[in-house]
2 protein chains.
Amino acid sequence: MKFSGKEDPNMANIREIANLAGVSVSTVSRVLNNHPYVREEKRQVVHQAMEKLDYHRNLTAFHLSKGTTNLLGVVLPSIEIPYFSNIVEGIAEEGLKHDMQLVLIQTNYHVDKELEALELLRGNLIDGLIFTSRAASLKIVKEYTSHGPIILCEDSDQTELPSVSIPHEKAFQDGLDYLLARGHTDIAYTLGRRHGTNSHKRIKAYQATMDKINQPVREEWIFDKCLSIEDGARVMESWCQMIERPTAFLVTNDQVAAGMVLTAREKGIRIPEDLSILSFDNQQIAKALHISTIDIPIKQMGKKAVQFIQKTEKKSKVSLPFQLIGRATVSNMFSA
Amino acid sequence: MKFSGKEDPNMANIREIANLAGVSVSTVSRVLNNHPYVREEKRQVVHQAMEKLDYHRNLTAFHLSKGTTNLLGVVLPSIEIPYFSNIVEGIAEEGLKHDMQLVLIQTNYHVDKELEALELLRGNLIDGLIFTSRAASLKIVKEYTSHGPIILCEDSDQTELPSVSIPHEKAFQDGLDYLLARGHTDIAYTLGRRHGTNSHKRIKAYQATMDKINQPVREEWIFDKCLSIEDGARVMESWCQMIERPTAFLVTNDQVAAGMVLTAREKGIRIPEDLSILSFDNQQIAKALHISTIDIPIKQMGKKAVQFIQKTEKKSKVSLPFQLIGRATVSNMFSA
DNA sequence: GTAATGTATGAAACGCGTTTCAGGTCAAGA
DNA sequence: TCTTGACCTGAAACGCGTTTCATACATTAC
């Protein structure tokens, strides 16, 4: 049988080596894998044969034999969102230590792409799967656990699936408290994607806090689908149009915050005097713009996820620490 | 033979299905692949058997049989650099159309990681390989072409390897001309990595231009390893320290430019009055900061690369168009 | 001197789909 | 009636490494 696409004429296989070297395939395999119990003499002959035929083992066959591929699936909505590429960076770094290659599955939040990823796991193409974000139901995901380790990067208590994340509810809560402590009660917020688990946590924390201070939850103060600088600009435009304006924003990530800050500057809106902004992530851009933000060890999350796959981490859930970095985009209304 | 790591007890194979259905494996395979010439009755029986045993084809075995994996290797230095993640985005988008999965090989510019990627190609684990950046020598890379398509994302005339890029020399040249036309002759520039092919093109264009206007090439006006916002901040600090200062910068990418612009603002340096900045890429951040930049269709590059792999594109080299976007970071010294 | 180990090697089975080849049946066309 | 071709099916080979099992010789150990 020959394959059509690429021509790869002189790909010797282990049997040809065995013939040329005058030994059995088992011996060649032993040499290949540095097994003991091969006389030095034969080892030499085999090596010569391999050299002569420019032999290189077929990895697919190798994987089939082993029942393992050293391939790790990573599902993510889009690689262009720093949050996700940071996680991938962490996964790559840690995966490197275990000789794992990464298979990227970009979903754009489409459930069917996630299902494809799960099928890769079931089909034994990948040894494990990390969801940096999830749209498929937990019930469905759980059905695949028998085919390999699946790790979630979300703050979920709904499932016994292993997961690694920061305590989003707590972090959001801390963010709210920080604003509250500085006199802000009219607080708006932005979300990356309304129906994600992490967003859900944020919404919950928000509602609890608004209840506590007897403020109504205003739908028009909640902005969905905010992920990029441009989204931030859009939010800022909206803010200008508002009759009743919030005095503070809790923002998806630093990109959105940057868009808001920059747009505000152009419009002569003073940050933080006219509007306070607190975001998440603590990326370089936040430092450059002096944006107050909640630092999240994103890369660390990716690393931990791999440790789960490798069973290095024993716990089923890991929660990473966050830290609020006060800079210059949140005002203190009491000292004003 | 059973594998150790994960337990996958009830993974039926095609032979078990054949037994249960009372047909041969060939028939099962035909059903699996929707071949004609299977009586409807048998097709049903096979489907029932598959359902009963929860059968799913083993992808590794499938790949081995086919001699093809539908896996596409992508080597890149780091996924955190927007330039590269943008290319990957394009590759992912176009690869999706051809049902290809992406295997990411992060190199951090280490040659040995690139060699590993090439070995994946030789080992038939991946069907093709895209170098979004390259550190290994062309000679070495070329040795692997018999094992599958290899595409370079660089502007090289040194090789017959297929490549897709923008004409870096021309683009850099246009950038210089743009600055020259506005009265700038003291021009500095930053590079991402001094020894890359693309950087080499930029250096070449720079030297040619300096020759033309009888300006010396000043080593201290060349900044290497500039890729991020922080690098831009660093460059700006250096600029302040200089005795003889350039009046304009041609910058690696928008991130670096952003770092420079933001740092300049804090230091009270006026852009573009005191210093002009022209960068590459035209990312969101450039628009937000009104940075003059040279737009490069990065995502498009990724798409084209996949088309090369797919042999959709017949030419061996493709050069994509760039476009200078004049915004507010380049002054006109004549009208001053 | 004999049993028990350790070393070395190959045949064959295994992991699991795909494909070729040969051999059928059955109906339409000559 | 005979040929031709479409339709259907299974045995076996193939893609390629790995691993088990059996065998055989060479040492030690007692």
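Residue numbers begin at 1 in each chain, while the letters A, B, ... track the order of the sequences.
B/Asn13 places a side-chain N or O within 3.5 Å of a backbone atom of B/Arg15 that can act as its donor or acceptor partner. Side-chain N or O atoms of B/Thr132 include one that pairs as donor or acceptor with a backbone N or O of B/Val75 at under 3.5 Å. A/Thr107 places no side-chain N or O within donor-acceptor distance of the main-chain N or O of A/Ser78, the cut-off being under 3.5 Å. Remark: the backbone N or O of B/Thr68 is paired with a side-chain donor or acceptor of B/His63 at under 3.5 angstrom. When atom types are taken as modelled, the side chain of B/Arg134 and the backbone of B/Ala136 share a donor-acceptor pair closer than 3.5 angstrom. Side chain of A/Asn33 to main chain of A/His35: no donor-acceptor pair is present (N/O by atom type, distance under 3.5 Å, no hydrogens or angles).
Per the geometry, CG belonging to A/Leu64 stands 13 Å off C1' belonging to D/dC14, to the nearest Å. Atoms CG (B/Asn33) and C1' (C/dG17) sit 8 Å apart, rounded to a whole Å. One atom, CG of A/Asn19, and another, C1' of C/dG10, lie 13 Å apart when rounded to the nearest Å. A straight line from CZ of A/Arg57 to C1' of D/dT19 spans 14 Å, rounded to a whole angstrom. At whole-Å resolution of the value, NE2 in B/His35 and P in C/dG17 are 15 Å apart. Whole-Å rounding puts the B/Ile14 CD1 to C/dT18 C1' distance at 8 Å. Across the protein-nucleic acid pair, B/Asn124 atom CG and D/dG17 atom C1' stand 13 Å apart, rounded to whole Å. Protein atom CG of B/Leu125 is 15 Å distant from nucleotide atom C1' of D/dG15, rounded to whole Å.
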Query raised in the report: Going 5' to 3' along nucleotides 3-10 of chain D, which nucleotides have protein heavy atoms under 4.0 Å from the base (write B), which only from the sugar-phosphate (write S), and which from neither (write -)?
Result: ----SSBB
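The phosphate of C/dC14 has neither OP1 nor OP2 within less than 4.0 Å of any side-chain N or O from B/Arg15. Of the side-chain N and O atoms in A/Ser29, none sit less than 4.0 angstrom from OP1 or OP2 of D/dG17.
A heavy atom lying under 4.0 Å from DNA chain D marks none of the residues of residues 43-52 of chain B.
Listed candidates were D/dG17, C/dT18, C/dC16. Nearest to the side chain of A/Asn13 is D/dG17. With distances taken from any side-chain atom of A/Lys66 to the nucleotides D/dC16, D/dT19, C/dT18, the minimum falls on D/dT19.
A side-chain N or O of B/Gln307 and one of B/Lys304 form a donor-acceptor pair less than 3.5 Å apart. B/Tyr144 and B/Glu119 are linked by a side-chain donor-acceptor pair at a separation below 3.5 angstrom, with hydrogens and angles left out of the test.
In A/Glu40, the CD atom is crowded: over 12 heavy atoms of neighbouring residues, nucleotides or ligands sit closer than 6.0 Å. Within 6.0 Å of NZ in B/Lys52 there are 12 or fewer heavy atoms belonging to other residues, nucleotides or ligands. The 12-atom threshold is not exceeded at CD of B/Glu51, counting heavy atoms of other residues, nucleotides or ligands nearer than 6.0 Å.
End-to-end axis angle of the helix from C/dG1-D/dC30 to C/dA30-D/dT1, from C1' rotation axes over five pairs per end: 40° (rounded to 10 degrees).
Salt bridge absent: A/Lys317 and A/Glu160 never bring a charged side-chain N and a carboxylate O closer than 4.0 Å.
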